[in-house]
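As a basis for the values below, the full set of heavy atoms in this structure was taken, side chains included, without hydrogen atoms, waters or symmetry mates.
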Amino acid sequence: MALRLREATAAIERTTDGPSAGASLPALLTPLIGRDDAIAAGADLLPRSRLVTLTGPGGIGKTQLALAIGQTAADEFPDGVAFIELATVLEPELVLSTVAVSLGLRGVSSESIEQRLRTHLSQRRLLLILDNAEHLLDAAPDIAELLAASAQLRILVTSRSPLRLRGEHEFDVPPLAIPPVEHVLTTEELRHYPAIALFVRQARATEADFALTEHNAGTIAAICARLDGMPLAIELAASRIRVLSPDGILARLDQQLLLLTGGPRDQPPRLQTMRNAIAWSYDLLDAGQQELFRRLAVFSGGWTLAAAAAVCLPDEDVLDSMSSLIACSLVRRTADPAGHDRFVMLEPIRQFALEQLVASGEIDTVRSRHADVFLALAEQAAPHLDWRDQTPWMLRLDPEHDNFRTALSWLFDRHDIDRGLRFIGALSWFWNIRGFFLETRTRAQAFLSLAEASGRTVGRARALGALAHSLHFLGEYGLAQMFGEEALAINDETGDRAGRARILIPLI
């Protein structure tokens with residue numbers, strides 16, 4: 001049982017008599033990057049909150065942040081700061097005895113070791129850092145008893161889930177800041193983003209002459225964005241610099257979990273690969289939570305609660321399971337531009353979920369439901385996009401653009417012509433309003449090339465109309481006229497008056 005402690009010089013004595021003296025925490029081997037505000041905020045919380053829990057997914061840096069907060073706040077705790085690793089403790093009933101033994105206490109015949117621990121802590125101003133508690137949540141009442149036994153005790157916990165105790169202050173550890181994708185920044189500006197600074201530091205640890213340059217800065221920024229600013233993922237990716245250029249690393253990020261391996265040997269196995277870090281959390285879920293988690297992998301760019309229910313668990317309420325995934329730091333709640341609730345997975349976590357979905361054998365069923373849900377949304381919105389309620393509908397569609405693209409790509413790969421053509425027709429106004437004329441043309445031509453022998457259907461006519469619109473806006477008026485006239489001819493045959501009205505615009 002690997003237990004690390006704030007080196008207990010007569011630190012915390014082996015009797016319940018006499019004061020404890022403090023000593024240094026396990027040293028951070030490298031300074032934390034981009035965590036100054038979090039360290040200050042955590043240290044500021046401890047005098048005010050007796051129980052603080054640092055939450056976040058595996059690989060986000062909770063342990064390192066806890067050590068840094070402990071070092072910063074050490075002067076506030078004359079009886080010391082004790083760091084206790086719980087990852088290898090398998091039973092919640094062993095938590096208190098593990099703490100006691102780590103503090104140098106031993107049981108005696110007339111008093112249990114747990115009772116002696118409470119007595120020992122009752123008059124001490126001590127900070128306990130309990131690291132990796134997510135698999136021991138049933139020990140939460142015991143931790144509450146420790147706090148009740150000592151008014152001066154403070155406990156800082158790292159866990160992928162909160163303990164859910166009264167008075168607990170949950171501190172969600174965010175990913176490192178990454179550059180905004182909508183802006184082109186200079187190399188000097190990029191250098192100051194924590195995610196990029198971490199990549200460069202780790203790359204230099206592997207190749208001493210590595211440098212951030214105008215040639216590679218944009219690629220490194222793209223790598224950090226694809227990894228969603230997760231520190232462990234960035235460090236594992238940067239360590240590949242010995243055999244891969246930044247371009248080579250970026251090219252392999254579609255299979256992140258194969259790339260993100262080979263972590264330091266002095267790290268526990270769960271932190272030596274990104275897959276292991278996520279699997280540790282996945283294995284703590286019950287069967288229903290695992291089912292929802294893996295099915296959520298089909299979403300791109302996030303989802304709403306209603307979409308999750310329709311795609312993942314059509315006959316069930318997903319609220320409780322979604323809440324559990326958020327509590328386990330596998331899903332994050334955010335908001336769309338209109339302020340509505342939206343949910344996302346960090347990309348390394350989503351790729352792990354996708355692996356589980358493929359292994360379950362249900363990926364095609366879930367992807368088909370995903371395509372149906374977003375096709376229905378596009379078709380519901382289409383009649384509103386050229387009228388006065390355009391703005392609210394555009395606000396609703398904008399966050400789903402990546403989901404539309406993912407659904408269309410899957411339909412194309414499956415040669416699902418009917419749904420693909422309907423999708424193209426329904427999205428054409430959305431794309432045109434947002435200026436995605438090239439995307440309209442490319443996707444419409446792709447599906448129409450599959451559909452040449454599929455008959456003269458309403459779906460084909462509407463896709464031809466979408467193609468005609470995009471060509472018109474791109475200045476290719478002759479081709480727009482040709483495809484528009486073909487669409488009109490099919491409209492006349494099928495009696496699609498609404499489709500005919502839309503197609504007339506590029507022909508006028």
Measure across [X] and [Y] and return the closest heavy-atom pair with its distance rounded to 0.1 Å.
X: G59; Y: P231; value: O-CD, 3.4 Å
X: T55; Y: P162; value: CG2-N, 4.0 Å
X: A444; Y: I424; value: CB-CG2, 3.8 Å
X: L296; Y: C312; value: CD2-SG, 3.7 Å
X: G58; Y: M230; value: O-CE, 3.3 Å
X: A87; Y: H135; value: O-NE2, 3.4 Å

Salt-bridge contact [X]-[Y] (side-chain N to carboxylate O under 4.0 Å):
X: R443; Y: E439; result: yes
X: R332; Y: D172; result: yes
X: R164; Y: E170; result: no
X: D254; Y: R226; result: yes
X: D402; Y: R405; result: yes
X: R369; Y: D372; result: no
X: D131; Y: K62; result: no

Out of curiosity, [X] [atom1] to [Y] [atom2], how far, rounded to the nearest 0.5 Å?
X: L28; Y: Q64; atom1: CG; atom2: CD; answer: 5.0 Å
X: I69; Y: T158; atom1: CD1; atom2: OG1; answer: 10.5 Å
X: I433; Y: L385; atom1: CD1; atom2: CG; answer: 5.0 Å
X: I196; Y: L176; atom1: CD1; atom2: CG; answer: 11.0 Å
X: W431; Y: T440; atom1: CH2; atom2: OG1; answer: 5.5 Å
X: R367; Y: S409; atom1: CZ; atom2: OG; answer: 9.5 Å

Distance-only donor-acceptor check, side chains [X] and [Y], under 3.5 Å:
X: E485; Y: Q481; value: yes
X: S239; Y: Q202; value: no
X: T261; Y: T273; value: no
X: R342; Y: T334; value: no

Walk me through it: do T187 and E214 pass the test side chain to side chain donor-acceptor pair (under 3.5 Å)? CA-CA 6 Å; T187 301; E214 291 185 5; 5.1 Å; no
I'd like to know if the side chain of [X] reaches the main chain of [Y], judged simply by a donor and an acceptor atom lying under 3.5 Å from each other, with no hydrogens or angles considered.
X: S49; Y: V52; result: no
X: E168; Y: L165; result: yes
X: E379; Y: A426; result: no
X: R441; Y: S470; result: no
X: N403; Y: S300; result: yes
X: T213; Y: H215; result: yes
X: S368; Y: D364; result: no
X: R35; Y: L65; result: no
X: R396; Y: P392; result: no

From CA spacing to verdict: side-chain contact (heavy atoms from CB on, under 4.5 Å), L212, F199: CA-CA 10 Å; L212 187 72; F199 184 99; over 6 Å; no
What orientation do F293 and Y282 show, parallel under 30°, tilted 30 to 60°, or perpendicular over 60°?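 The arrangement is tilted - the two ring planes meet at 30° to 60°.
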Any idea how F436 and F430 line up, ring-wise: parallel (<30°), tilted (30 to 60°), or perpendicular (>60°)?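 Plane angle between 30° and 60°, so tilted.
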Non-hydrogen side-chain atoms of [X] and [Y] separated by less than 4.5 Å:
X: R48; Y: H169; answer: no
X: W429; Y: H384; answer: no
X: F404; Y: L375; answer: no
X: L137; Y: S161; answer: yes
X: P246; Y: F210; answer: yes
X: L330; Y: P57; answer: no
X: Y477; Y: L471; answer: no
X: I178; Y: Y193; answer: no

For F437 and H469, run ring-ring contact (aromatic ring centres under 6.0 Å, His included): C-alpha distance rounded to whole Å, both residues' side-chain angles, the deciding distance at 0.1 Å, then the answer. CA-CA 8 Å; F437 308 123; H469 280 208; over 10 Å; no
Is it the case that atom [atom1] in [X] sees more than 12 heavy atoms from other parts of the structure closer than 6.0 Å?
X: Q255; atom1: CD; answer: no
X: H192; atom1: NE2; answer: yes
X: D286; atom1: CG; answer: yes
X: R333; atom1: CZ; answer: no

One pair to check against side-chain contact (heavy atoms from CB on, under 4.5 Å): L479 and M482. What are the steps and the verdict? CA-CA 5 Å; L479 286 174; M482 181 182 72; 3.8 Å; yes
Evaluation steps, salt bridge (Lys or Arg N to Asp or Glu O under 4.0 Å), between E486 and R460: CA-CA 10 Å; E486 182 182 353; R460 179 177 177 82; 3.3 Å; yes
What do the steps show when you test L156 against L45 for side-chain contact (heavy atoms from CB on, under 4.5 Å), and what is the final call? CA-CA 10 Å; L156 177 62; L45 275 175; over 6 Å; no
Evaluate E134 against W280 for side chain to side chain donor-acceptor pair (under 3.5 Å), listing each step before the verdict. CA-CA 10 Å; E134 56 271 351; W280 173 269; 2.5 Å; yes
Given side-chain contact (heavy atoms from CB on, under 4.5 Å), test I60 with L232 step by step and report yes or no. CA-CA 7 Å; I60 206 70; L232 177 61; over 6 Å; no
So S428 and R462, side chain to side chain donor-acceptor pair (under 3.5 Å) or not? Walk me through it. CA-CA 9 Å; S428 62; R462 294 198 173 186; over 6 Å; no
Begin from the C-alpha positions of S281 and R160 and carry the test side chain to side chain donor-acceptor pair (under 3.5 Å) through to its verdict. CA-CA 7 Å; S281 295; R160 303 184 191 195; 2.6 Å; yes
